[in-house]
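A quick write-up on the structure given underneath.
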Amino acid sequence: MSLENKTVDGEGINASQKKETVFGNLKYLIVGIFFGIVFVKTEIISWFRIQEMFHLESFHMYGVIGSAVAVGVISVFLIKKFNIKTLQGEKIEIQPKTFSKGQIYGGLLFGFGWAITGACPGPLFAQIGTGATVIIVTLISAIFGTWVYGLIKDKLPH
């Protein structure tokens, strides 16, 4: 099957064929709570830390991001080398990536939004959980932006 015939919208390449039970999804909730706690304790959800990063005043966030990239690179290497499967025993397919100038535009738009709001999609819920309820506006905006992209993605140059 060619890459063009595969989709990545939840029913394609890396979508699990096995359905989780409600109880089975509990592990994702627990991991999410754990990550939320880690985000709060390491201050990576702090608006001030994010502003320090964008003003080049502190290495803290660059260290966290660099560590995440290193873990990702090592993880992908190990998955490919040892043919590691999912917890459900399914094969993990890592597709080759092609460069598009849209990635530059999207990255800039993402970075500007991150700098202005002091939030990226990962820790939005942790920020809301700490009482920064104004971040709900950012969450709604992110959902709306994703919805708009879904409407116009076929008209964009990829």
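- Not a single donor-acceptor pair under 3.5 Å links the side chain of Glu43 to the backbone N or O of Arg49.
- Counting heavy atoms from C-beta on, the side chains of Ile44 and His60 come closer than 4.5 Å.
- Just one residue in the list Leu29, Ile30, Val31 forms a side-chain contact (heavy atoms from CB on, under 4.5 Å) with Ile33, and that residue is Leu29.
- The ring-ring contact (aromatic ring centres under 6.0 Å, His included) pairs that include a residue from residues 112-136 are Phe54-Trp114, Phe110-Trp114, where partners are two or more places apart or lie in different chains.
- With contacts defined as side-chain heavy-atom distances shorter than 4.5 Å, the pair Ile140/Val137 does not qualify.
- In this structure, the side chains of Leu56 and Tyr62 come closer than 4.5 Å at one or more pairs of heavy atoms.
- The pair Glu90-Lys85 does not meet the salt-bridge criterion, since no charged nitrogen lies less than 4.0 angstrom from a carboxylate oxygen.
- No side-chain heavy atom of Val134 sits less than 4.5 Å from a side-chain heavy atom of Trp47.
- Here the side chains of Ile65 and Met53 are in contact, with some heavy-atom distance below 4.5 Å.
- Linking Ile, Leu, Val, Met, Phe, Trp and Tyr whenever their side-chain heavy atoms come within less than 4.5 Å puts Ile94 and Leu78 in one cluster.
- For residues 128-147, the set of pairs meeting the ring-ring contact (aromatic ring centres under 6.0 Å, His included) definition, not counting sequence neighbours, comprises Phe144-Trp147.
- Both Val64 and Val38 are part of a single hydrophobic cluster, where members link through side-chain heavy atoms under 4.5 Å apart.
- Residues Ser46 and Ile50 fail the side-chain proximity criterion, which asks for heavy atoms closer than 4.5 Å.
- Grouping the Ile, Leu, Val, Met, Phe, Trp and Tyr side chains by contacts below 4.5 angstrom, directly or via other members, places Val76 with Ile74.
- A donor-acceptor pair under 3.5 Å is formed between the side chain of Gln127 and the backbone N or O of Gly118.
- Side-chain N or O atoms of Glu52 include none that pairs as donor or acceptor with a backbone N or O of Ser58 at under 3.5 Å.
- Ile92 and Phe82 fall within a single hydrophobic cluster, where Ile, Leu, Val, Met, Phe, Trp and Tyr side chains are chained together by heavy-atom contacts under 4.5 Å.
- Note on Phe39 and Leu139: separate hydrophobic clusters, where clusters join Ile, Leu, Val, Met, Phe, Trp and Tyr whose side-chain heavy atoms are under 4.5 Å apart, directly or indirectly.
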